2 protein chains.
Amino acid sequence: MSIRVTSWLESLQAHGYRLTEARRAVVEVVATSKRALSPLEVYEIARRRYPALGLVSVYRTLEMLSALHLVQRVHQEDGCNAYLPSLEGHQHLLICERCRRVEYFDGDDLEALFARVGEQTGFEIRSHWLQLFGLCQACKQAVS
Amino acid sequence: MSIRVTSWLESLQAHGYRLTEARRAVVEVVATSKRALSPLEVYEIARRRYPALGLVSVYRTLEMLSALHLVQRVHQEDGCNAYLPSLEGHQHLLICERCRRVEYFDGDDLEALFARVGEQTGFEIRSHWLQLFGLCQACKQAVS
DNA sequence: CATAGAATTGAAAACGGTTTTCAGTATGAG
DNA sequence: CTCATACTGAAAACCGTTTTCAATTCTATG
């Protein structure tokens, strides 16, 4: 059992949520995924180990995990309802356009840019959003 | 009449689309907006000058403008279906969280970061997506 | 300017993903 | 073990978007 699964389940419990089979199944799928998954994908995968699962519970669990900042929503050209584990402090994503695999990277050097833009525009910058898209090593070779 | 409105209409015509009242109304609203507008917002505003307009035509016109790269879709926490004029070469957005006004800025200094991330991960980076969120000068004062 | 034929229109129906409702069930505190 | 209640899945409702379709509007051509 992945350490992340355990930690998410503890986190849910610590916030007063009950640990149910439905939630366990959803957490196990999302916490260990290396790709961003849509609610329907989570549903289909999680149902392999807990066939009684309802799609509604997937939505509800994703909402909780999102509120606890354990998962983040990923936006792409072809849809904005995919979820991915949130790694503390590594908020930027690099997504393979072919296989959808995601890598995390940090963007420390962005602070200077933000400061400059804030100064030029008079905005108080409060958050940002950076995603890169491309081909992962495996897909790069597969395509060529 | 804004230069951008004229230019968009010419662009539509040059691509074989007819110039109709519905399209004119939609183009006039979107091309001159400083905020990202949802299809429904476009519809409501455009109907002031062309009441016969149907919501369907808004969707269809936005799709065309998007295909011609004249508008871009803006993604935000609370929705991903807002459209904004695309300014050639200035692809990054700074969005006011309060009034939704948008500023454009360029992010030339990002190339180095992309190169570094590409090298570290083995990805071939093909595109990117950067948005900043904050408070514009006016809203900064209004809030405090 | 008039005509004809194709592109375009708006209304309504269909669609698909998400949310709400609800009666039954499983959880976990005591 | 018992009980109150959080939680469940199914079905219905919802809502933004897309499709369908008959009527209308453009615009190329004569």
Side-chain angles (χ1 to χ4, degrees), chain A residues 6 8-30 36-68 71-83, chain B residues 6 8-30 36-68 71-83:
Chain A
T6 315
W8 285 18
L9 291 174
E10 282 166 1
S11 206
L12 283 177
Q13 204 162 32
H15 283 83
Y17 296 114
R18 289 185 181 171
L19 294 189
T20 67
E21 280 311 299
R23 285 175 191 166
R24 263 186 259 268
V26 171
V27 164
E28 283 175 22
V29 169
V30 182
L37 300 174
S38 70
L40 194 61
E41 287 173 315
V42 173
Y43 174 64
E44 282 164 357
I45 299 170
R47 230 164 31 140
R48 288 185 206 145
R49 57 164 65 217
Y50 181 57
L53 179 66
L55 179 55
V56 197
S57 286
V58 175
Y59 278 99
R60 288 191 278 228
T61 306
L62 285 173
E63 199 181 338
M64 278 171 206
L65 295 174
S66 188
L68 298 180
V71 301
Q72 61 187 307
R73 198 176 188 154
V74 175
H75 299 252
Q76 286 181 265
E77 283 305 331
D78 60 342
C80 305
N81 264 330
Y83 294 83
Chain B
T6 316
W8 286 17
L9 291 175
E10 281 167 1
S11 206
L12 283 177
Q13 203 162 34
H15 284 82
Y17 296 115
R18 291 185 179 171
L19 293 189
T20 66
E21 279 313 298
R23 286 175 189 167
R24 264 187 259 268
V26 171
V27 164
E28 283 174 22
V29 169
V30 182
L37 300 174
S38 70
L40 193 61
E41 286 174 314
V42 173
Y43 174 62
E44 281 162 359
I45 299 171
R47 232 166 28 143
R48 288 185 205 145
R49 57 164 64 220
Y50 182 57
L53 180 65
L55 180 54
V56 197
S57 286
V58 174
Y59 278 97
R60 288 191 278 228
T61 307
L62 285 173
E63 198 182 338
M64 277 171 206
L65 295 173
S66 187
L68 298 180
V71 302
Q72 61 187 307
R73 199 175 188 154
V74 175
H75 298 251
Q76 286 179 266
E77 282 305 330
D78 60 341
C80 306
N81 264 329
Y83 294 82

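Only heavy atoms go into these numbers, but all of them, side chains included; no hydrogens, no water, no symmetry mates. First the proteins, then the strands, lettered A, B, ... as listed; each starts at 1. Since the structure is predicted, the reported quantities are computational estimates derived from the model, not experimental observations.
Nucleic acid contact for B:L19: sugar-phosphate only, since backbone atoms but no base atoms lie under 4.0 Å from a heavy atom of the residue.
C:dG17 atom C1' lies 11 Å from atom CZ of A:R73, rounded to whole Å. Atom CZ of A:R24 is separated from atom C1' of D:dA6 by 15 Å (rounded to the nearest Å). Going from atom CG of B:L55 over to atom C1' of C:dC15 covers 15 Å, rounded to whole Å. One interatomic measurement links the two molecules: CZ of A:R23 to C1' of C:dT25, which rounds to 14 Å at whole-angstrom precision. What separates CG of A:L12 from P of D:dT8 is a distance of 10 Å, to the nearest Å. Atom P of nucleotide D:dA28 and atom CD of B:Q13 are separated by 8 Å, given to the nearest angstrom.
Between B:R60 and B:E63, no side-chain nitrogen of the basic residue sits less than 4.0 Å from a carboxylate oxygen of the acidic one, so the salt-bridge criterion is not met.
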CA sep, side-chain torsions, deciding dist, call: B:W8, B:V71, side-chain contact (heavy atoms from CB on, under 4.5 Å): CA-CA 10 Å; B:W8 286 17; B:V71 302; 3.5 Å; yes

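Comparing D:dG9, C:dT8, C:dG28 against the side chain of A:A22 picks out D:dG9 as the nearest.
Place B:N81 and A:M64 on DNA chain D by their nearest nucleotides, and A:M64 ends up nearer the 5' end. Mapping A:G16 and B:Y17 onto DNA chain D by nearest heavy atom places A:G16 at the nucleotide closer to the 5' end. Positionally, the nearest nucleotide of DNA chain C for B:S57 lies more toward the 5' end than for the other of A:E63 and B:S57.
Interatomic distance, B:L40 CG to B:I45 CD1, rounded to the nearest 0.5 Å: 10.0 Å. If you take CG on B:D78 and OG on B:S38, they are separated by 10.5 Å, rounding to the nearest 0.5 Å. B:Q76 CD to B:R73 CZ: the interatomic distance, rounded to the nearest 0.5 Å, is 13.0 Å. To the nearest 0.5 Å, atoms OG1 (A:T20) and OH (A:Y50) are separated by 7.0 Å. Taking CG of A:L65 as the reference point, atom OH of A:Y17 lies at 9.0 Å (rounded to 0.5 Å).
For B:R23 (side chain) and B:T61 (main-chain N/O), no donor-acceptor pair under 3.5 Å exists by modelled atom type.
Residues from residues 43-54 of chain B with heavy atoms under 4.0 angstrom of DNA chain C, sorted by number: B:Y50, B:A52, B:L53, B:G54.
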For nucleotides 20-25 of chain D, list the nitrogen or oxygen atoms of the protein found under 3.5 Å from its nitrogen or oxygen atoms, one pair per line.
none

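Listed by first then second residue, pairs satisfying salt bridge (charged side-chain N to carboxylate O under 4.0 Å, His left out) with a partner in residues 41-59 of chain A read A:E28-A:R49, A:R35-A:E41, not counting sequence neighbours.
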